[in-house]
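What follows is one structure encoded as C-alpha cells, with my remarks underneath.
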Amino acid sequence: MSAPLFLVESLPTADSMVLDGPEGHHAATVQRLRVGEELLLGDGRGGTAAAVVTAVGRGTLDIEITRRGYVDAANPRLVVVQGIAKGDRGELAVQAMTEAGVDEIVPWAAGRSVVQWRGDRGVRARGKWVATAREAAKQARRAWLPVVAGAPDEPTGSVARRIAGAAAGFVLHEEATDRLTTVELPDRGEIVLVVGPEGGITPTELAAFQEAGAHPVRLGPSVLRTSTAGVAALAVLATRLLRW
C-alpha cells in the first residue's frame, strides 16, 4: 500500500519537522502511524516530500524528510462546470471527479437546479465542496489540489464567458449526436466540460453555451446521473489525453 498523503501549507526546508495540527492529529491518532513508517507531504501546488516517522507524540509526529519532488501542473487543464444538485449528489460528484483528475470545479446555478445556493447557505455548501475535494485529493495521492472556483453559484453568463476563453468547451447533452470519444481535443490550454443538474440543461442555456463556442457531446446511449456524468467524462478525457 502506498504511503498516506498529508497536506501542509508549505513544505519544510529543513530535513526534519513536527507534523501537528489537524494533519498531525489524523496521522498520529486516526491512522496511528508509528516510528519507521513512511508518509508523503504535499503543498497542493505540485510540491511533494517523502518522509519517515522518527517519533510519535500526542497528536503529532516527528518526521525526517527523505526525498523531495515536484509534479508539473497538467496541461491541458480539465475544468468541470457542475450543475448544483440536491442532497449529497454534488459532493459525490466532487469526490469522484477529484479522484479522476479534475483540475478545477465550478459550481453552476443552472435553471433546473432544485437547490439554490444563496447567502450563507451558499458559502457553507461551497465550503463542503472544497473540503470534499481536499480529502479526495489526499486519498488519491494527488500532488495538485483541485480548485473549487467562482462564486458559490456561478450564473450561466459567467459559465459562457469561461467557455469562450477556453481552448475547447463541451456540454454533456443526451440529445447530442457527437461522442466525447471522437471529438477533437486541444493539446494545451483549458478544456471546459459542462454537466447539468438532475433536470438537465435548458434549451436557452444550451444555446448560450453553443454561442460561446461549446460543442454538445454525449457519452453513450445511457443517461447518467449528475453525480456520475462528470467522472465518466473525465475518464474519457484522461484516457484520450494519455493521463491514464
Side-chain angles (χ1 to χ4, degrees), residues 5 7 42-47 70-85 89-110 113 117 122-123 125-172 180 183 185-197 201 205 209 212-215 217 226-244:
L5 172 68
L7 291 172
D43 61 8
R45 300 178 296 278
Y70 181 80
V71 178
D72 290 331
N75 196 359
R77 296 182 75 245
L78 300 179
V79 179
V80 175
V81 175
Q82 175 68 52
I84 296 172
R89 291 179 183 174
E91 291 166 45
L92 290 173
V94 169
Q95 177 183 356
M97 291 190 297
T98 299
E99 293 175 4
V102 71
D103 298 302
E104 187 171 336
I105 303 168
V106 180
W108 170 38
S113 290
W117 288 2
V123 173
R126 184 180 183 278
K128 288 183 179 180
W129 281 28
V130 172
T132 298
R134 178 184 177 87
E135 291 307 308
K138 290 167 60 177
Q139 170 66 33
R141 316 298 199 263
R142 288 190 55 173
W144 284 87
L145 186 63
V147 176
V148 179
D153 53 348
E154 284 289 283
T156 298
S158 295
V159 174
R161 288 190 292 272
R162 185 67 181 265
I163 291 170
F170 301 103
V171 181
L172 293 183
L180 187 58
V183 293
L185 299 177
D187 57 6
R188 300 191 66 78
E190 187 172 277
I191 298 174
V192 176
L193 176 75
V194 180
V195 180
I201 296 171
E205 290 166 341
F209 297 151
H215 191 150
V217 293
T226 186
S227 56
T228 55
V231 68
L234 284 169
V236 171
L237 293 173
T239 302
R240 294 193 58 197
L241 294 170
L242 302 182
R243 287 196 184 189
W244 288 9

Mark yes or no for whether Asp103, through its side chain, and Leu78, through its backbone, hold a donor-acceptor pair below 3.5 Å.
-> yes

Compare all side-chain heavy atoms of Ile163 with those of Val81 and state whether any distance is below 4.5 angstrom.
-> no

Measure the CD-CG distance between Glu99 and Leu234 for me, rounded to the nearest 0.5 Å.
-> 12.0 Å

Quick one: pull up OG1 in Thr98 and CH2 in Trp129 and give me the separation to the nearest 0.5 Å.
-> 10.5 Å

Can you tell me if Asp43 uses its side chain to pair, donor with acceptor, with the backbone of Leu7 under 3.5 Å?
-> no

Look at the side chain of Arg141 and the backbone N and O of Gln139, then say whether any donor-acceptor pair between them is shorter than 3.5 Å.
-> yes

So, do Leu193 and Val102 sit near enough that their side-chain heavy atoms are less than 4.5 Å apart?
-> no

Sorted by chain and residue number, the salt bridge (charged side-chain N to carboxylate O under 4.0 Å, His left out) partners of Glu104 (sequence neighbours excluded) come out as Arg77, Arg162

Arg243 side-chain N/O to Gly101 backbone N/O, donor-acceptor pair under 3.5 Å | yes

Correct closest heavy-atom pair for Ile201 and Gly196 would be CG1-CA, 3.8 Å

State, to 0.1 Å, how close Val183 and Leu180 come at their nearest heavy-atom pair, and which atoms those are.
-> CG2-O, 3.7 Å

Distance, nearest 0.5 Å, that separates CD of Glu190 from CG of Asn75 | 10.0 Å

Between the main-chain N or O of Pro197 and the side-chain N or O of Ser113, is there a donor-acceptor pair closer than 3.5 Å?
-> no

Taking all heavy atoms of Gly42 and all of Leu5, pick out the closest pair and write down the distance.
-> N-CD1, 3.7 Å

Closest non-hydrogen contact found for Gly90 with Ala85 is N-CB, 4.1 Å

Parallel, tilted or perpendicular: which describes the rings of Tyr70 and Trp144, with under 30° parallel and over 60° perpendicular?
-> perpendicular

How far apart are the closest heavy atoms of Glu154 and Trp108, and which atoms are they?
-> O-CD1, 3.2 Å

Are a donor atom and an acceptor atom from the side chains of Gln82 and Thr226 found within less than 3.5 Å of each other?
-> yes

Quick one: closest heavy-atom pair of Val195 and Gly230, and the distance?
-> CG2-CA, 3.9 Å

Pairwise side-chain contact, Phe209 with Val192, heavy-atom cut-off 4.5 Å (strictly under) = no

